[in-house]
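Here is the structure we will look at, set down as structure tokens.
Computed from a predicted model, the values in this text were never measured in an experiment. Below, read A as the first sequence line, B as the second, and so on, with proteins coming before strands; counting in each chain starts at 1. Below, each value reflects all heavy atoms present in this structure, side chains not excepted, and no hydrogens, waters or symmetry copies.
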Protein chains: 2
Amino acid sequence: MKKIMNHVDQMVDEALDGMEAAFPQYLRRIVGTHVLVRRTPKPDGRVGLVSGGGSGHEPAHGGYVGRGMLDAAVAGEVFTSPTPDQVLEGIRAAHHGAGVLLVIKNYTGDVMNFDIAWEMAEAEGIPVASVIVNDDVAVQDSLYTTGRRGIAGTVLVHKIAGALAERGGSLAEVKRIAEKVIQNVRSMGFALTPCTVPAVGRPTFELGDDEMEMGIGIHGEPGTHRQPIVPANELVDELLHRIEDDLGLGEGQHVMVLVNGMGGTPMMELAIMARRVAEWAKERRHRLEAQWVGEFMTSLDMSGASLTVLRLDEELTDLLQDPADTPAFRQGGFHDH
Amino acid sequence: MKKIMNHVDQMVDEALDGMEAAFPQYLRRIVGTHVLVRRTPKPDGRVGLVSGGGSGHEPAHGGYVGRGMLDAAVAGEVFTSPTPDQVLEGIRAAHHGAGVLLVIKNYTGDVMNFDIAWEMAEAEGIPVASVIVNDDVAVQDSLYTTGRRGIAGTVLVHKIAGALAERGGSLAEVKRIAEKVIQNVRSMGFALTPCTVPAVGRPTFELGDDEMEMGIGIHGEPGTHRQPIVPANELVDELLHRIEDDLGLGEGQHVMVLVNGMGGTPMMELAIMARRVAEWAKERRHRLEAQWVGEFMTSLDMSGASLTVLRLDEELTDLLQDPADTPAFRQGGFHDH
């Protein structure tokens, strides 16, 4: 196992400190917790957004703490749900009088622990709502889920629900828009190499030198099938075809696409995928409102990528274009720097 | 070799198209060239900045094309200098009546081809100046250089010289500030794994399962020595010690640090390095004005990182804080979005 680390048992703790050390203008770690919160809290009366889950998906979710996206991110151990008391800390920090929306990726442990935290928070008088993201079209159920997995599409929920919260939407409104994103977002990924969970020390599956794994999740679990490595364009087409099918996406739609590296994927290779995505949009007469290309929701050191398509309407497009200022995603527009 | 690509011979061409497809709001590719230029050119009368070099270092340099940094980026084949006629295209596109500064990483081929392009541009009446970045403290001469190599510190030259150009500094002033950055910036890197040049198809060197390579450059060349993998803190300290020594950095200075992944390094591991950098700054009573943590100047799919330290004075700090809006680095402050 080759990792830049001090000790396996300290990785998560040190990475959380490291996020604060790297991005102090955006966030701080609540002392004694696994919670990263905005350095400058949102004004009172605005809905708070909390997300989180296991570590190993950096920059998710701490990288999305900042104006226009999350108020708090809660981290568990690697690929392990955060505990309810940690989530509760996040909810408390994100509550500014208008309640808190929890954005949960669909994994059994996350759903359970966020639910318990929700009950604890409501007992304290904090209004809470939640949405569950399940954008991965690769599998119906998985090792870790009942129903589909939540993967990179989650970041688009952060963006759009975050924008409405920033504008002053109510908890019910922010929940409604988050649900709308979830209804219209689908993803699928592949791996060229597996990842290595630090505490395990060996790759989570084996792949031959000419093989790739299709339909992987973000927890090192094997995908739906193994196949010889295909050219990038063919690969992009296959992923988009699966997503289109599932989404029932006709021609001539307004869409945005996220080209997401899995942690060990160079920008050059993601750019080659982005090129084919733009061609696909033209062929299908879609209006490609935006591409986000980079590493957004990773799986430790895995080499590979996922594609996410979000079908847009006027409301979603408008919110997508709102400014955001976080460590992992920034978009101009705030006028008070 | 595992890469997301169509054909080895098309990688650079498709990655350039891909950068335009991914970041159309920032840049466009000049048709028929390897040159990426700003979508919205700088106003007339401002100095243009051009950088470039071999491909394989993405997001460098196309990722720095945008307000506050570069006007044009010129790409060669993988790890190969761009030809003079391509550099000339970049210079022409970046010239808005006030001349062009070339930011060149110190590699024999780059220096030669940028120099020829300079002569061609001056023959066309475009005032040109150049600076050569040589921030790598690991080696005095290398496989590809006379004198030290230019690596990640180059991005800070883009940032600070770009800021002064944006403010309206003259060609002589922009060159002076670039030289000042170069005098005060030092870097050193290491690799956990080698990279694989697409046209070669095998790793550029071999490393055992428990070994790392210190003092690597950004072209897959071996470093200065091989050693067993050490804990992250020890590694950061060793790099910083080498840099401090070379820079003659006393205690209590104003500094900024770039923690740069080499292409295959997850954010989680870079964050662990950033944590130690912040501790080091505190121990040395430095004022750490900023850390930039991410992948800025890569070496294909190499796993590893480099550290860059820039010693700041008031003038450099001020320019460092100016806004920037490019695909790979954004900082708030423009008021006209």
Would you find more than 12 non-hydrogen atoms of other residues, nucleotides or ligands less than 6.0 Å from Arg287(A) atom CZ? no
About how many Å separate CG of Asp17(A) and CZ of Arg276(B), when rounded to the nearest 0.5 Å? 12.5 Å
Only heavy atoms, only distances under 4.5 angstrom. Which residues in residues 189-198 of chain B are near chain A? Phe190(B), Leu192(B), Thr193(B)
Can you tell me which portion of Val12(A) sits under 4.5 Å from chain B's heavy atoms? Options are side chain, backbone, both or neither. both
Would the distance check show the side chain of Asn233(B) and the main-chain N or O of Asn6(A) forming a donor-acceptor pair, the cut-off being under 3.5 Å? no
Answer key: most heavy-atom pairs under 4.5 Å with chain A among Glu269(B), Gln291(B), Glu58(B) is Glu269(B)
Salt bridge (Lys or Arg N to Asp or Glu O under 4.0 Å) against Lys2(A), all qualifying residues, sequence neighbours excluded: none
Could you have a look at Gly294(B), Pro266(B), Gly304(B), Gly261(B) and say which one has the most heavy-atom pairs with chain A under 4.5 angstrom? Pro266(B)
With a 4.5 angstrom heavy-atom cut-off, is it the side chain or the backbone of Ile229(A) that approaches chain B, or both, or neither? side chain
Under 4.5 Å from a heavy atom of chain B, the part of Ser299(A) involved: neither
So, the part of Met11(A) with a heavy atom under 4.5 Å from chain B: the answer is both
What part of Thr265(B) is in contact with chain A, defined as an atom under 4.5 angstrom from a non-hydrogen atom: side chain, backbone, both or neither? both
Gln227(B) atom CD, over 12 foreign heavy atoms within 6.0 Å: yes
Chain B contacts, top residue of Ile272(A), Asp301(A), Val293(A) (heavy-atom pairs, under 4.5 Å): Ile272(A)
When rounded to the nearest 0.5 angstrom, what distance separates CD in Glu14(A) from CE in Met268(B)? 9.5 Å
Chain B heavy atoms under 4.5 Å from Asp209(A): which part of the residue, side chain, backbone, both or neither? backbone
Quick check for you: to the nearest 0.5 Å, what is the distance between Thr298(B) atom OG1 and Met267(A) atom CE? 10.0 Å
When only heavy atoms count and the cut-off is under 4.5 Å, which of residues 18-29 of chain B reach chain A? Gly18(B), Met19(B), Ala21(B), Ala22(B), Phe23(B)
Please identify each residue that fulfils salt bridge (Lys or Arg N to Asp or Glu O under 4.0 Å) with Glu295(A), with sequence neighbours left out. none
